[in-house]
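What follows is a set of notes on a single structure, which appears directly below.
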Amino acid sequence: MKYLHTMIRVYNLEKALHFFVDVLGLKISRQKEYPQGKYTLVFLSTGELDAPEIELTYNWEEPSAYTGGRNFGHLAYEVDNIYEYCARIQSMGVVINRPPRDGRMAFIRSPDNISIELLQKGESLPPSEPWLSMPNSGEW
């Protein structure tokens, strides 16, 4: 068995792509519109060979709110330096809901309220300010 992708529904495809591509740095693997079904699928990955993907599903005529968005848990990505990564995305307007106080783990949310875990590659970094004393913000 091989893990292929996780599908998440998005309210606004433009905002979702900005977040996942411009902010997180994922790459579009493929994108296709289905006029007969009134939806668009966009597959994103890290760009690494055979990497698992995120499938963004944008339903053109869906209601303004989906329920149960946290039922699947969260997405998780490994980063080279969690402090630098969090500082970069925070400067782009992303709220760090659970700061990397431990030098190991942080949580953020997508524009569609999908919880995303960021994990330090390798060993945890030494605890460092401003992250060490930063409180949690909202749910993560």
Side-chain angles (χ1 to χ4, degrees):
M1 185 183 309
K2 178 177 133 183
Y3 175 71
L4 297 176
H5 69 266
T6 296
M7 184 277 273
I8 56 176
R9 289 183 172 86
V10 299
Y11 302 108
N12 181 307
L13 186 56
E14 185 177 313
K15 283 183 180 179
L17 287 173
H18 169 71
F19 178 79
F20 285 105
V21 175
D22 299 331
V23 175
L24 293 187
L26 296 179
K27 295 169 180 39
I28 296 175
S29 305
R30 59 193 182 281
Q31 178 172 340
K32 186 163 182 186
E33 292 190 357
Y34 295 87
Q36 71 283 8
K38 298 183 180 176
Y39 66 94
T40 301
L41 299 181
V42 181
F43 288 84
L44 307 168
S45 80
T46 58
E48 295 168 297
L49 184 62
D50 213 24
E53 297 175 306
I54 294 175
E55 173 191 337
L56 302 181
T57 298
Y58 173 64
N59 293 294
W60 303 350
E61 296 179 355
E62 278 299 307
S64 61
Y66 293 109
T67 59
R70 282 187 49 92
N71 288 353
F72 77 94
H74 61 266
L75 304 173
Y77 292 96
E78 181 180 74
V79 298
D80 289 330
N81 184 306
I82 198 158
Y83 296 141
E84 290 175 4
Y85 193 87
C86 285
R88 182 180 70 77
I89 64 175
Q90 188 178 46
S91 74
M92 298 173 80
V94 174
V95 173
I96 309 297
N97 300 102
R98 194 280 193 188
R101 290 183 292 273
D102 55 4
R104 176 83 187 135
M105 174 182 66
F107 275 88
I108 59 175
R109 294 257 184 165
S110 78
D112 295 287
N113 219 22
I114 301 299
S115 185
I116 299 172
E117 179 181 23
L118 304 172
L119 293 167
Q120 171 63 40
K121 183 177 184 178
E123 297 296 317
S124 298
L125 299 179
S128 175
E129 292 295 349
W131 311 109
L132 184 59
S133 60
M134 189 179 290
N136 291 342
S137 174
E139 286 187 16
W140 46 277

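Not measured: the values here are computed from a predicted model.
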Does any N or O in the side chain of Tyr83 come within less than 3.5 Å of the main-chain N or O of Glu129, such that one atom is a donor and the other an acceptor?
->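 No; judged by distance alone, with no hydrogens or angles, the pair does not exist.
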Exercise answer: donor-acceptor pairs, residues 92-99 side-chain atoms, under 3.5 Å, sequence neighbours excluded:
unit_1 : atom_1 : unit_2 : atom_2 : d
Asn97  : OD1    : Arg109 : N      : 3.4
Asn97  : ND2    : Ser137 : O      : 2.8
Arg98  : NH1    : Asp102 : OD1    : 3.4
Arg98  : NH1    : Met105 : O      : 2.6
Arg98  : NH2    : Asp102 : OD2    : 3.4

Quick check: closest heavy atoms across [X] and [Y], and the distance to 0.1 Å?
{"X": "Pro111", "Y": "Lys15", "answer": "CG-O, 3.7 Å"}
{"X": "Ser45", "Y": "Glu53", "answer": "CB-CG, 3.9 Å"}
{"X": "Ala87", "Y": "Trp131", "answer": "N-CZ2, 3.7 Å"}

Considering only distance and modelled atom types, tabulate donor-acceptor pairs under 3.5 Å from the side chains of residues 34-43, sequence neighbours left out.
unit_1 : atom_1 : unit_2 : atom_2 : d
Lys38  : NZ     : Glu61  : OE2    : 3.2
Thr40  : OG1    : Trp60  : NE1    : 2.9

Student check: side-chain heavy atoms of Ile28 and Leu17 closer than 4.5 Å =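 A side-chain contact under 4.5 Å exists here.
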Looking at side-chain heavy atoms only, is the closest gap between Val23 and His18 below 4.5 Å?
-> yes
Let me confirm one number: the [atom1]-[atom2] distance from [X] to [Y], rounded to the nearest 0.5 Å.
{"X": "Asp22", "Y": "Ile89", "atom1": "CG", "atom2": "CD1", "value": "13.0 Å"}
{"X": "Leu24", "Y": "Ile54", "atom1": "CG", "atom2": "CD1", "value": "7.5 Å"}
{"X": "Glu14", "Y": "Tyr58", "atom1": "CD", "atom2": "OH", "value": "10.0 Å"}
{"X": "Leu13", "Y": "Glu33", "atom1": "CG", "atom2": "CD", "value": "8.5 Å"}
{"X": "Ile114", "Y": "Phe19", "atom1": "CD1", "atom2": "CZ", "value": "10.0 Å"}
{"X": "Ile8", "Y": "Asp112", "atom1": "CD1", "atom2": "CG", "value": "6.5 Å"}

Can you give me every donor-acceptor pair (side chain of residues 116-126, partner residue at least two apart or in another chain, under 3.5 Å) with its distance?
unit_1 : atom_1 : unit_2 : atom_2 : d
Glu117 : OE1    : His74  : NE2    : 2.8
Gln120 : OE1    : Ile82  : N      : 2.7
Gln120 : NE2    : Asp80  : O      : 2.8

